[in-house]
Amino acid sequence: MKEKLTLGMQVYVPFGKRNIRGYVVELTDEPEFEVAKIKEIIGIVTDSVPIESQLIALAGWMKKNYGATMNHALKTVIPIKKKSNAVEHKSVRLKLTEIEAKSELAEFERKHQKARVRLLSALIENPQMDQSMITQKLNVSGTVIRALETMGIVEVVSERSYRNPVSHLDSKGYHLTLNEEQQSVVDVIERNLDQKIAKTYLIKGVTGSGKTEVYMELIAHVLAAGRQAIVLIPEIALTYQTVMRFYNRFGDRVSIMNSRLSQGERYDQYERAKAGEIDIMIGPRSALFTPFERLGLIIIDEEHENSYKSETSPRYHAREVAIERARMNQATVVLGSATPSIDSYYMAQTGRYQLLEMTQRVK
């Protein structure tokens, strides 16, 4: 399998008497163990989640570039593995027709089975109800629900409910038209997006020149093509107003990642991204590792900010990792700042990035 294996690939390996799944985290010619004791890989997993393999390959790139251990790199890239009290939402549904249900109800009334009567009467009026409402408001125990389930009268429907940090927001819609300068920047990038030319752009725009509107226009274009976007914003600038601007335009296809979220909420955002429930993730540098399968655009606002550099191992810079992740996905990177960092500005001056300037304030 030597020719077929790549970094991040999921494989079947022998483990005691079982076969389990594992990930290829390194390819080397120098074994660290006695060759006679090493077992063969059994085969390559064909139905694995490709995004996890890609993130592991990204961790391998970070290990090599920033001198970290693979363990540290993996913990950074796939930081959430434990389920934190996953929220289950249960409801009870009537399986019978109204005539059949009324016949059963008459039988329960004849036998004076009051709890069953209460439950079935309520379900005849409303064929699906929250289990919590049934147990609390109707005072019907779980034993009664299970008894009716065994009889084939009802079924309990269980749904995984993801915590959504923007669910409380109320969209006010989007009513903005770009000015000439904003539109010309958008046109340049969209033209390349349409031709599937993936590049890195540096937008040098004075404060108040309306960079956020440009970002949103580009995101809308990428979403229309069936792809997804990550927007990095320094934690200090990730305010309610900023999130509202995105939410007003894109509604609940947006989610946020920040340090104020609990472990459970963070885990749920990863699961929602993996399940395709969201298309835009906004957050500080950790949002860069959102498991989007169809990533088309990474935006880094205030790209000069120091908070994009990690202070712990691996000591990565979000801009460099974003460019590598974009390369893996044939995606576009847009850096924005009124005062670009020296290295980004140098890259733009020498043609590694494409420089686009905005000199007018919107108001």
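Predicted model only: the values in this text are computed from it and were never measured.
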Acceptor/donor pairs from residues 180-189 side chains to any protein atom, 3.5 angstrom cut, sequence neighbours excluded:
{"residue": "Glu181", "atom": "OE1", "partner": "Thr359", "partner atom": "N", "Å": "3.2"}
{"residue": "Glu181", "atom": "OE1", "partner": "Gln360", "partner atom": "N", "Å": "2.9"}
{"residue": "Glu181", "atom": "OE2", "partner": "Thr359", "partner atom": "N", "Å": "2.9"}
{"residue": "Glu181", "atom": "OE2", "partner": "Thr359", "partner atom": "OG1", "Å": "3.0"}
{"residue": "Gln182", "atom": "OE1", "partner": "Asn179", "partner atom": "N", "Å": "2.8"}
{"residue": "Gln182", "atom": "NE2", "partner": "Gly210", "partner atom": "O", "Å": "3.0"}
{"residue": "Gln183", "atom": "NE2", "partner": "Asp187", "partner atom": "OD1", "Å": "3.0"}
{"residue": "Ser184", "atom": "OG", "partner": "Glu181", "partner atom": "O", "Å": "2.9"}

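- Of all the heavy atoms in Leu288 and Leu232, the pair that sits closest is N-CD2, 3.7 Å.
- Ser313 approaches Thr76 most closely through the heavy-atom pair O-OG1, 4.4 Å.
- Using a 4.0 Å cut-off between a side-chain N of Lys or Arg and a carboxylate O of Asp or Glu, Glu100 and Lys95 do not qualify as a salt bridge.
- The shortest distance between side-chain heavy atoms of Lys37 and Phe33 does not fall below 4.5 Å.
- Follow the hydrophobic side-chain contacts under 4.5 Å out from Val156 and you reach Leu96 in the same cluster.
- Considering only heavy atoms from C-beta on, Val11 stays 4.5 Å or farther from Ile42 through its side chain.
- In this structure the side chain of Pro340 never reaches within 4.5 angstrom of the side chain of Leu335, judged on heavy atoms.
- A salt bridge links Arg327 with Glu324: the distance from a Lys NZ or Arg NE/NH1/NH2 to an Asp or Glu carboxylate oxygen falls below 4.0 Å.
- Qualifying salt bridge (Lys or Arg N to Asp or Glu O under 4.0 Å) partners for Arg110, counting only residues two or more places apart in sequence or in other chains: Glu107.
- Among Arg227, Arg294, Arg272, the one residue that satisfies the salt bridge (charged side-chain N to carboxylate O under 4.0 Å, His left out) test with Asp279 is Arg294.
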For residues 296-303, please give each side-chain donor-acceptor pair under 3.5 Å, one per line with the distance, not counting sequence neighbours.
{"residue": "Asp301", "atom": "OD1", "partner": "Tyr215", "partner atom": "OH", "Å": "2.7"}
{"residue": "Glu303", "atom": "OE1", "partner": "Arg319", "partner atom": "NH1", "Å": "3.0"}
{"residue": "Glu303", "atom": "OE1", "partner": "Ser341", "partner atom": "OG", "Å": "3.3"}
{"residue": "Glu303", "atom": "OE1", "partner": "Ser344", "partner atom": "OG", "Å": "2.7"}
{"residue": "Glu303", "atom": "OE2", "partner": "Ser341", "partner atom": "N", "Å": "2.8"}
{"residue": "Glu303", "atom": "OE2", "partner": "Ser341", "partner atom": "OG", "Å": "3.2"}

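- Considering every non-hydrogen atom in both Leu94 and Ala101, the closest pair reads CD2-CB, 4.1 Å.
- Because its NZ or CZ atom is both nearer than 6.0 Å to the ring centre of Phe108 and within 45° of the ring axis, Arg116 counts as a cation-pi partner of that residue.
- Nearest heavy-atom pair, Thr69 versus Lys63, reported as atom, atom and distance to 0.1 Å: C-CG, 4.3 Å.
- In this structure, Tyr66 and Glu320 have side chains that are in contact, with non-hydrogen atoms separated by less than 4.5 Å.
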message: Please determine whether salt bridge (Lys or Arg N to Asp or Glu O under 4.0 Å) holds for the pair Glu277 and Arg253, giving the CA-CA distance in whole Å, both sets of side-chain angles, and the decisive distance to 0.1 Å.
response: CA-CA 7 Å; Glu277 286 186 22; Arg253 301 306 293 174; over 6 Å; no
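- Ion pairing between a basic and an acidic side chain is recognised when a charged N comes within 4.0 Å of a carboxylate O; Glu155 and Arg93 show such pairing.
- Looking only at side-chain heavy atoms (C-beta outward), Leu123 and Leu119 come within less than 4.5 Å of each other.
- In terms of heavy atoms, Phe289 sits closest to Val77 at CB-O, 3.4 Å.
- Side-chain atoms of Met281 and Gln269, non-hydrogen and from C-beta on, do get closer than 4.5 Å to each other.
- By the 4.5 Å heavy-atom criterion applied to side chains, Leu202 and Tyr345 are counted as neighbours.
- In this structure, a donor-acceptor pair under 3.5 Å is absent between the side chains of Ser91 and Gln131.
- In the hydrophobic clustering of this structure, Phe250 groups with Ile256; members are Ile, Leu, Val, Met, Phe, Trp, Tyr whose side-chain heavy atoms approach within less than 4.5 Å, directly or through other members.
- Tyr201 and Asn192 share a donor-acceptor pair across their side chains, judged by distance under 3.5 Å alone.
- A salt bridge does not link Lys274 with Glu293: none of the charged nitrogens is closer than 4.0 Å to a carboxylate oxygen.
- Using a cut-off of 4.0 Å between Lys/Arg side-chain N and Asp/Glu carboxylate O, Arg249 and Glu217 are scored as salt-bridged.
- Residues Met70 and Ile56 are in side-chain contact: their nearest non-hydrogen atoms beyond the backbone lie under 4.5 Å apart.
- Here the closest heavy-atom approach between residue Pro291 and residue Tyr270 is recorded as CD-CD2, 3.3 Å.
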